[in-house]
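One structure below.
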Amino acid sequence: MNTRSFKRPNKVIVIGASAGGVHALKTLVSQLSPDFPHAVIVVLHRLKNVTSRLDVLLQSFTRIPVSEVEDKEDVLAGRLYLCPANYHLLLEPDYTFSLSVSEKVNFSRPSIDVSFVSLAEAFGKKGIGVLLTGANQDGAEGLLALYEKGGRVVIQNPETAQVAVMPKAGVARVPKATVLHLEEIPDFISNL
Amino acid sequence: MSELINNNKEQKYISPEQRDLLIEFLKKRLDLDISNYSLASVSRRFTKMFNDFESDSAQEFISKIEEEGSPRDFFLKHFTVNVTEMFRDPGFYANLVNLVFPVLAQKEQITIWSAACSSGEEVVSLAILLHEAGLLDKSRILGTDISQAMINYAMHAKYKVRGMSGYDKSYKLSGGQYALEEYLEKKGDYAIVKPFLLKHIEYAQHNLMHEPPAEGFDLIVCRNVLIYFDKDLQNQVLSKLANALLPGKSFLALGSKESIIFYNGRERFKEIDREYKIFQKTQ
């Protein structure tokens, strides 16, 4: 028997990252405890037609079960979900995922903005958006939508991010965001 | 501070109330029932349309649609996702050729349905690979889409040359043996599908919620469409697709992140490709 939980998460956390993201994610996920009460969803800009096993890689750094999202899968507590390459990831109010292959947004599919906006609409105050390192401005607009719906907005400190463009754009769009060093983020989101 | 990001137009997001008003309008006035579509996707499409048409309310948006000569076609053209490409997911096509074509090769005739084919790129890709496998002469491919505008586009069989170099790469990764130029004739900015492929292709308008356009298919390809439906509607559509397949030795191909788990009759199928979601109908 496995001991995985099938509970609804307290909060739904979407983490967006681009250039430098894999390295940052390693640090972040390795500090999450197995009884983590929230769901973590990672939306990372990736190359299409490259079958890199990012799920396997991230799993090697964390005790939380990691998997790539399938359409209409449940959003459960204590899990780490990875957005598949070449799909936008959306959240449904009934705690399931929907995928979409619609137009690129900010030249990206997945687009972090798309997932943050969907998080805001589906979960509002129960939503947490985390924006990490990256070389473009995807995510900033979605963070604002989340903030306006009462969700928490956390941004990696641009000064210590590998690439500052994305977190900088986030802070510019949501000046009241909580800005943290990468190492501080796991503790902060665990205790929300 | 926010002036730093100059390309960010103020986005308007549609409220759940406005969304529901629109859903009701579509059902009552345009005979389009999208109440079992994925809510998150519907919100996103509506939001995009609101912003594109600069509408501030559902009422304003509805008035705009109603001004059009054919409101239903106009709405569908903008609402449905028409992002498609030739040989999308080359690994899928390669596996289709390796796992499914050998079984199809044993048949006297092959009928294939590309469901929700948009502007036809998938249909053309299938025809090319069937040709290279020596199967095209006994094949017929039917492409259908809910949008008549997309079907018209597909029937023109003209594709922008701009996308072709990417397609050529995907074609080769799919196991393509020659070059796409063998199949598409360049004329100015367009590449036109050659007649020897087109004579095996038909297009028709069709809504997946209605009864299938024909039955007895050997292969149905319906990729990245179910993702826009909720579990209930996935079950309904999968049941119709299953019934349209020949009993035994017929196949269903879905998108790589889709599944048959929400289909009540899923035991009728055997999964033959886990990664690319190819199923064989066994009962």
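Residue numbers start from 1 in every chain, and the chains themselves are labelled A, B, ... in the order their sequence lines are given, proteins ahead of strands.
- Only the backbone of B:Leu226 comes within less than 4.5 Å of a heavy atom of chain A; no side-chain atom from C-beta onward does.
- Within 6.0 Å of NZ in B:Lys77 there are 12 or fewer heavy atoms belonging to other residues, nucleotides or ligands.
- Taking each heavy atom of B:Asn224 and A:Tyr87 in turn, the nearest pair found is OD1-OH, 2.8 Å.
- When the shell of 6.0 Å around NZ of A:Lys125 is examined, it contains 12 or fewer heavy atoms from other residues, nucleotides or ligands.
- Applying the 6.0 Å contact sphere to CD of A:Glu159 captures no more than 12 heavy atoms from other residues, nucleotides or ligands.
- Residue B:Lys240 places its NZ atom among more than 12 non-hydrogen atoms of other residues, nucleotides or ligands, all under 6.0 Å distant.
- No more than 12 heavy-atom neighbours from other residues, nucleotides or ligands sit within 6.0 angstrom of CD on B:Gln59.
- Chain A forms the most heavy-atom pairs under 4.5 Å with one residue out of B:Ser41, B:Gly255, B:Pro16, B:Ser43, and that residue is B:Ser41.
- Once rounded to the nearest 0.5 Å, the distance linking OG1 of A:Thr96 with CG of B:Asp230 reads 9.0 Å.
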Apply side chain to side chain donor-acceptor pair (under 3.5 Å) to B:Arg44 and A:Ser102, showing your working. CA-CA 10 Å; B:Arg44 216 173 97 62; A:Ser102 59; 2.7 Å; yes

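- Open room surrounds CG on B:Asp189; 12 or fewer heavy atoms of other groups in view lie less than 6.0 Å from it.
- A:Val174 does not touch chain B: none of its heavy atoms, backbone or side chain, sits under 4.5 Å away.
- Scanning all heavy atoms of the two residues, the minimum distance from B:Ser256 to A:Glu70 falls at O-OE2, 4.1 Å.
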Quick one: do A:Glu121 and B:Arg19 satisfy salt bridge (charged side-chain N to carboxylate O under 4.0 Å, His left out)? Show the steps, please. CA-CA 12 Å; A:Glu121 288 179 349; B:Arg19 178 194 66 207; over 6 Å; no

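- The environment of B:Lys64 atom NZ is dense: over 12 non-hydrogen atoms of other residues, nucleotides or ligands sit within 6.0 angstrom.
- With a 4.5 Å cut-off on non-hydrogen atoms, B:Lys277 touches chain A through its side chain but not through its backbone.
- For a residue to count as touching a neighbouring chain, one of its non-hydrogen atoms must lie under 4.5 Å from one of that chain's; by this rule B:Leu254 does not touch chain A.
- A:Lys72 places a side-chain N or O within donor-acceptor distance of the main-chain N or O of B:Ile227, the cut-off being under 3.5 Å.
- Using a 4.0 Å cut-off between charged side-chain N and carboxylate O, B:Arg45 and A:Glu103 make a salt bridge.
- For B:Glu60, the CD atom counts as densely surrounded, since its 6.0 Å shell holds more than 12 non-hydrogen atoms of other residues, nucleotides or ligands.
- With a 4.5 Å cut-off on side-chain heavy atoms, A:Asp71 and B:Phe229 do not count as touching.
- Ion pairing between B:Lys231 and A:Glu92 fails under the 4.0 Å rule for side-chain N and carboxylate O.
- Across A:Ser98, A:Ser100, A:Ala145, the residue that shares the most heavy-atom pairs under 4.5 angstrom with chain B is A:Ser100.
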